[in-house]
**Q** 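The structure follows.
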Amino acid sequence: MAITRRRHKYYSRVRHLIPVISYISSVLLLLFIFLSFFAPSTVHNDRLHHSQHYFSISGGAYDRDIWSSINAQSYYGCSNASSKFAKAEDITHPNRYLAIATSGGLNQQRTGITDAVVAARILNATLVVPELDKRSFWKDDSNFEDIFNVDWFISYLAEDVKIIKELPPKRGQIWTPSHMRVPRKCNEGCYIKRLLPVLLKKHAVLLSKFDYRLSNRLKTDLQKLRCRVNYHALKFTDPILEMGAKLVERMRIRSKHYIALHLRFEPDMLAFSGCYYGGGDEEKRELSKLRRRWKTLHKSNPDKGRRQGRCPLTPEEVGLMLRALGYGRETYIYVASGEVYRGEETLAPLKALFPYFYCKETLAMKEELEPFSAFSSLMAALDFIVCDASDVFVTNNNGNMAKILAGRRRYFGHKPTIRPNARKLYKLFLNRANMTWGEFASNVRTYQRGFMGDPEEMRPGRGEFHEYPTACVCEDSTAKAKMGSGPPKLGTVSVPDKRNVDVVVKDQNLDYERDWSDSEYDDTSNQQQNDSYNETSLDEELELDELLSD
């Protein structure tokens with residue numbers, strides 16, 4: 001009987017516990033559903049990555065301001081000429097004219113125009129307004145005055161170089177200049193040795209295929225002249241500026257901050273790169289067919305290219321990198337891009353990560369873009385303006401637009417400019433299915449130190465000048481003193497010249513020096529390059545470069 005009573009008492013307690021257990025289970029289930037509903041969605045692209053693993057992605061908290069940094073206020077653009085830099089009227093020789101024909105897309109041509117002004121200065125010659133490339137891959141018949149404000153260009157540089165719109169007639173007839181080419185990275189001595197004798201004899205010289213024809217290593221005053229040309233004298237025409245301003249305003253109306261992404265993922269570029277993105281035999285056939293256009297291209301090893309960081313990141317990989325750096329799903333993105341390989345199929349993962357996805361075609365009506373749409377350079381100029389005005393600029397490539405915008409953003413206050421560390425990120429993307437999102441994000445942030453556009457990323461005198469204009473970036477010692485210790489000096493001026501400060505925007509600053517291989521020639525190797533110059537191989541090289549230009 002005692003045993004029966006104990007059993008009855010035990011079952012009675014269990015009966016009373018059942019409702020309590022059911023209630024707790026229901027609460028836990030509802031809580032799980034609630035959390036699942038608000039958790040960030042997972043994104044994956046089977047075609048590109050062949051992985052069946054998913055992980056949760058969140059912008060998450062970050063230990064820095066992802067839109068700016070106080071360190072940027074210690075630096076400013078400084079490109080005024082020194083007192084030793086003679087006025088153009090005092091050094092320009094009469095009857096000595098230099099003309100150039102540029103090469104490539106808008107930004108490749110921009111480098112040629114910038115360097116042509118400096119070349120004319122070196123030769124004490126009058127510069128004829130540059131002739132733009134109308135026969136390149138980009139097939140744009142725009143003239144200089146269609147893209148740039150030619151009167152502003154001439155007047156702004158009047159004290160540095162004498163510039164005229166066209167050659168004067170010779171004995172009442174049209175003057176045909178003598179045609180020449182100079183090697184890439186030709187230094188000051190190279191121009192004087194090669195061109196000056198011809199100028200003295202012919203009086204007018206036209207340099208064809210003119211882009212990257214000037215050494216990265218020049219006297220400081222000549223480097224600063226480069227900056228005055230690129231960042232001040234080359235001003236777009238009013239219609240381009242007005243349309244560009246409308247696009248920027250429409251992004252700002254939508255969001256206080258926005259990222260601009262220069263995305264190079266066109267079929268031609270992928271074919272040229274020799275990279276492979278997991279699209280199987282169909283992708284290999286498509287890109288191999290395009291690759292046959294260039295006879296000098298050797299058979300490539302796609303895996304090796306990816307390991308060495310020579311392949312552009314996919315749109316999805318760019319998106320994952322940005323999310324890992326702290327930019328959440330609510331971030332607005334402006335995308336400057338040509339035809340993306342396989343179109344929406346390739347862009348879908350990026351749009352899933354960042355649904356607030358815009359381009360000039362979605363921000364403007366067709367009628368507004370009609371005056372520009374038939375000209376690739378004008379459309380590229382609109383993208384340039386919106387990218388330049390962005391809070392953060394991101395690129396998946398190392399083309400001319402990426403380089404020029406990186407340099408410009410350093411000059412105007414070190415605005416955040418993110419360049420993927422593709423060599424290290426490759427391994428991370430390869431193994432991302434085997435790690436948590438936290439581990440992935442932490443590794444991305446570590447690898448991207450030194451690739452964010454910070455003041456200390458590049459030692460002065462190294463790298464491509466258009467990307468790292470260190471001679472034109474100075475330090476404000478007063479601002480630095482208020483902040484305490486800061487990064488090393490890039491310039492030598494301690495008090496800012498406010499005439500040079502157009503914009504000051506804060507930037508992030510991480511204590512890391514970017515890995516860099518300096519491919520610039522010294523004087524000896526440059527001369528050897530000059531002596532072994534081959535016109536035929538150069539033509540092939542320029543044709544390939546046009547693909548990478550913008």
Side-chain angles (χ1 to χ4, degrees), residues 45-50 103-109 133 135-140 184 209 211-212 261-319 321 335-350 359 376-377 379-380 383 394-403 419-420 422-423 425-426 429-430 519 536-550:
N45 187 341
D46 286 329
R47 187 183 68 81
L48 292 177
H49 294 286
H50 304 290
S103 177
L106 173 66
N107 295 289
Q108 189 170 333
Q109 294 186 91
D133 187 354
R135 295 173 295 178
S136 73
F137 173 85
W138 303 102
K139 296 180 175 61
D140 189 322
R184 291 197 165 195
K209 296 286 185 181
D211 64 328
Y212 292 103
L261 167 60
H262 183 225
L263 185 64
R264 295 298 310 274
F265 212 70
E266 300 94 334
D268 284 323
M269 184 179 183
L270 296 186
F272 170 74
S273 70
C275 299
Y276 172 69
Y277 292 94
D281 292 338
E282 184 180 357
E283 178 186 322
K284 292 177 181 177
R285 283 194 301 270
E286 289 173 349
L287 298 185
S288 294
K289 183 177 179 180
L290 292 173
R291 195 172 171 79
R292 294 191 197 107
R293 294 180 185 178
W294 303 285
K295 297 178 181 178
T296 58
L297 285 182
H298 301 293
K299 188 175 181 179
S300 63
N301 182 332
D303 291 334
K304 184 178 179 181
R306 291 275 275 175
R307 286 196 306 270
Q308 294 177 344
R310 291 189 288 106
C311 297
L313 266 60
T314 68
E316 181 190 22
E317 289 169 345
V318 173
M321 177 190 71
V335 178
S337 173
E339 174 195 0
V340 173
Y341 178 61
R342 294 192 174 177
E344 285 300 314
E345 178 187 355
T346 302
L347 287 174
L350 175 61
C359 59
S376 61
S377 291
M379 295 291 272
D383 279 335
V394 185
T395 177
N396 73 331
N397 67 91
N398 198 39
N400 291 304
M401 180 170 170
K403 290 177 181 177
R419 308 288 294 279
R423 182 171 57 85
L425 290 179
Y426 163 71
F429 288 124
L430 199 64
S519 59
T536 304
S537 62
L538 176 63
D539 287 337
E540 177 74 12
E541 175 191 2
L542 290 172
E543 183 182 351
L544 295 177
D545 282 347
E546 289 170 3
L547 273 179
L548 305 176
S549 65
D550 287 355

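Residues take their numbers from the sequence shown, with the count starting at 1. What you see below is based on every heavy atom in this structure, not just the backbone, and it leaves out hydrogens, waters and symmetry mates.
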**Q** Return the minimal non-hydrogen interatomic distance between R264 and M269, and the atom names on each side.
**A** CB-SD, 3.2 Å
**Q** Would you name the heavy atoms of A422 and C311 that are closest together and state the gap between them?
**A**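 It is CB-O, 4.3 Å.
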**Q** So, does D140 use its side chain to make a donor-acceptor pair with the main chain of S377 at under 3.5 Å?
**A** yes
**Q** Got a donor-acceptor contact below 3.5 angstrom from the E339 side chain to the P267 backbone?
**A** no
**Q** Heavy atoms only: give me the nearest R342-E283 pair and the separation to one decimal.
**A** NH2-N, 3.5 Å
**Q** Looking at L261, L263, L313, V335, which one forms a side-chain contact (heavy atoms from CB on, under 4.5 Å) with V394?
**A** L261
**Q** Salt-bridged, D211 to R184, with N to O below 4.0 Å?
**A**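 The answer is yes: the pair qualifies as a salt bridge.
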**Q** For P312 and L270, work out which heavy atoms get closest and say how close.
**A**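 Closest pair (atom of P312, atom of L270, distance): CG-CD2, 4.0 Å.
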**Q** Taking side chain as C-beta onward, heavy atoms only, is T346 less than 4.5 Å from T314?
**A**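 Side-chain contact under 4.5 Å: no.
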**Q** Counting C-beta onward and ignoring hydrogens, is there a side-chain heavy-atom pair between S273 and R310 closer than 4.5 Å?
**A**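 When only atoms from C-beta onward are counted, R310 and S273 do not touch, as no gap falls below 4.5 Å.
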**Q** Which residues pass the disulfide bond (SG atoms under 2.5 Å apart) test with C359, sequence neighbours left out?
**A** none
**Q** Between Q109 and D133, is there a donor-acceptor pair closer than 3.5 Å when you use the side chain of the first and the backbone of the second?
**A** yes
**Q** Compare every heavy atom of C275 with every heavy atom of Y277, then report the nearest pair and how far apart it is.
**A**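 Shortest heavy-atom separation between Y277 and C275 comes out as CE1-CB, 3.7 Å.
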**Q** Among D383, N397, N396, which one satisfies side-chain contact (heavy atoms from CB on, under 4.5 Å) with H262?
**A**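 Only one of D383, N397, N396 forms a side-chain contact (heavy atoms from CB on, under 4.5 Å) with H262, namely N397.
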**Q** For M401 and N107, work out which heavy atoms get closest and say how close.
**A** CB-ND2, 3.3 Å
